[in-house]
Peer 1: 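One structure, as C-alpha cells, below. Some questions next.
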Amino acid sequence: MSEERTQEPVRLPRIGDPAPDFEAPSSQGTIRLDDFKGKWVVLFSHPSDFTPVCTTEFVEFARRTPEFHGMGAQLVGLSVDSVYSHIAWIRNIEEKFGVDVTFPVIADLSTEVSRKYGMIHAGEADTATVRAVFVIDPEQRIRALLYYPMSAGRAVSEIQRLLQALQLNAAHGLATPQGWTPGEACIVPPPATQAEASDRVKRQDLEITDWYLARTPAPE
Ligand code: BEZ
C-alpha cells in the first residue's frame, strides 16, 4: 500500500496580487517590504546556504547587482538559514569568488515569509525553500513569479531580461516576443474589435504579419 502524504496546501500569491508584506531579520538587519516601496524588488529564495548550486546563483546575483540597481531594482535573498549562517556564507563567497554580496538576505528561520510567498513545497522539501523568484513592482504588486526545483540553478540573466520586459510593459504598454532582448522590436497588443483589426492592417508604422501580430521598433 502506498504511503499517503498529508500536505498543508501551499498558497501561492498570484500575478497582480499585492505582494505580502513582511518584517524579517536579514544579513543587513531587520527589513520590511515597505522599505523598498517605489523600487522594483526581486525577492528570491534558495534552499540552503553553503550548497553548490545556490552558491553559483548567489555569485551571479552579486556580480549583477549594479545592473539591477541601474534598473531601479532591489535584490532580496531568502532562505530558512540563520543570520550567522548568511554572514558566514557571504564572507566565504567574497573570499572564494572575490564578489561582495551587497543585497540583504532574509533569515527566515520561522518560515513566516516563505509561507506567505508559497516558497516551501513539501513534495520537494519540508524544511527548505525551493528556488522561487518574485518580481514586485514599485506599487508592491506581484508582476511575475518563477519556481525552480532544488536541482536546477536559475539563469540570473533571464531574471534580468524578465524584469526588462516587465518594465517596458509598465512604461509603454508593449509586450515582448519569445527570446526578446532590449533594443529588439516589441509586440503591439492585438486589436480588440473588428474595426481595430481593419485599421491595424493599414498601419505603415508597424511591421504587420497579420491583423493580430504586429511589431514596433523598441522605444528610445
Ligand atoms: C544546491 O544548491 O546545490 C542544492 C541545494 C539543495 C538541494 C540540492 C542542491
Side-chain angles (χ1 to χ4, degrees), residues 2-14 19-20 22 24-29 31 33 36 40-69 73-136 142 144-163:
S2 70
E3 201 180 310
E4 283 265 330
R5 207 187 164 100
T6 45
Q7 291 182 1
E8 199 185 309
V10 179
R11 194 195 164 278
L12 304 182
R14 286 168 295 191
F22 60 76
S26 85
S27 53
Q28 296 182 3
I31 59 168
L33 181 61
F36 308 116
W40 290 79
V41 174
V42 178
L43 170 65
F44 63 99
S45 59
H46 66 277
S48 187
D49 297 351
F50 293 102
T51 49
V53 177
C54 300
T55 301
T56 62
E57 292 181 328
F58 248 62
V59 168
E60 195 55 21
F61 275 119
R63 286 196 177 125
R64 288 178 186 254
T65 298
E67 294 170 29
F68 280 99
H69 283 174
Q74 172 68 47
L75 296 172
V76 179
L78 178 151
S79 77
V80 298
D81 297 292
S82 68
V83 166
Y84 290 143
S85 171
H86 287 341
I87 293 171
W89 190 37
I90 288 167
R91 289 174 66 88
N92 182 261
I93 285 173
E94 189 185 351
E95 186 191 320
K96 298 292 176 196
F97 299 91
V99 289
D100 241 356
V101 174
T102 57
F103 52 84
V105 187
I106 293 172
D108 194 31
L109 285 173
S110 69
T111 70
E112 200 179 313
V113 183
S114 322
R115 288 187 192 283
K116 281 184 179 173
Y117 280 84
M119 291 168 166
I120 296 180
H121 297 194
E124 183 76 334
D126 282 334
T127 54
T129 44
V130 294
R131 301 182 198 282
V133 181
F134 287 83
V135 183
I136 299 168
I142 291 171
L145 44 109
L146 304 170
Y147 286 95
Y148 275 48
M150 304 292 195
S151 58
R154 294 158 287 194
V156 180
S157 58
E158 172 58 14
I159 296 165
Q160 205 172 7
R161 192 189 75 88
L162 171 61
L163 176 61

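All values reported here derive from a predicted model rather than from experimental measurement. Order of listing sets the numbers, starting from 1, for every ligand and every atom in it. Computed from heavy atoms alone, side chains included, the values below leave out hydrogens, waters and symmetry copies. In what follows, residues are counted from 1 in the order of the sequence shown.
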Peer 1: Quick check on side chain to side chain contact (heavy atoms under 4.5 Å, CB included): which of Leu145, Val41, Val76, Leu146 does Phe134 satisfy it with?
Peer 2: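 Considering Leu145, Val41, Val76, Leu146, a side chain to side chain contact (heavy atoms under 4.5 Å, CB included) with Phe134 is found only for Leu145.
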Peer 1: So, Asp49 versus His86: side-chain donor-acceptor pair below 3.5 Å or not?
Peer 2: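 Side-chain D/A pair, Asp49 to His86: present.
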Peer 1: Does the Ser45 side chain pair with the main chain of Ala132, one donor and one acceptor, at a distance under 3.5 Å?
Peer 2: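 Side chain of Ser45 to backbone of Ala132: a pair is present.
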Peer 1: Take Glu60 and Arg64, measure what salt bridge (Lys or Arg N to Asp or Glu O under 4.0 Å) needs, and give me the verdict at the end.
Peer 2: CA-CA 6 Å; Glu60 195 55 21; Arg64 288 178 186 254; 2.7 Å; yes
Peer 1: Using a 4.0 Å cut-off on heavy atoms, what residues surround ligand 1? Order them by chain and number.
Peer 2: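 Lining ligand 1 at under 4.0 Å, by heavy atoms, one finds Pro47, Thr51, Pro52, Val53, Cys54, Arg131, Met150.
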Peer 1: What residues form a side chain to side chain contact (heavy atoms under 4.5 Å, CB included) with Glu94, not counting sequence neighbours?
Peer 2: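 Once residues adjacent in sequence are excluded, the partners of Glu94 under the side chain to side chain contact (heavy atoms under 4.5 Å, CB included) criterion are Asp100.
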Peer 1: What about Tyr117 and Phe44, are their ring centers closer than 6.0 Å?
Peer 2: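 No, they do not, as the ring centres are separated by 6.0 Å or more.
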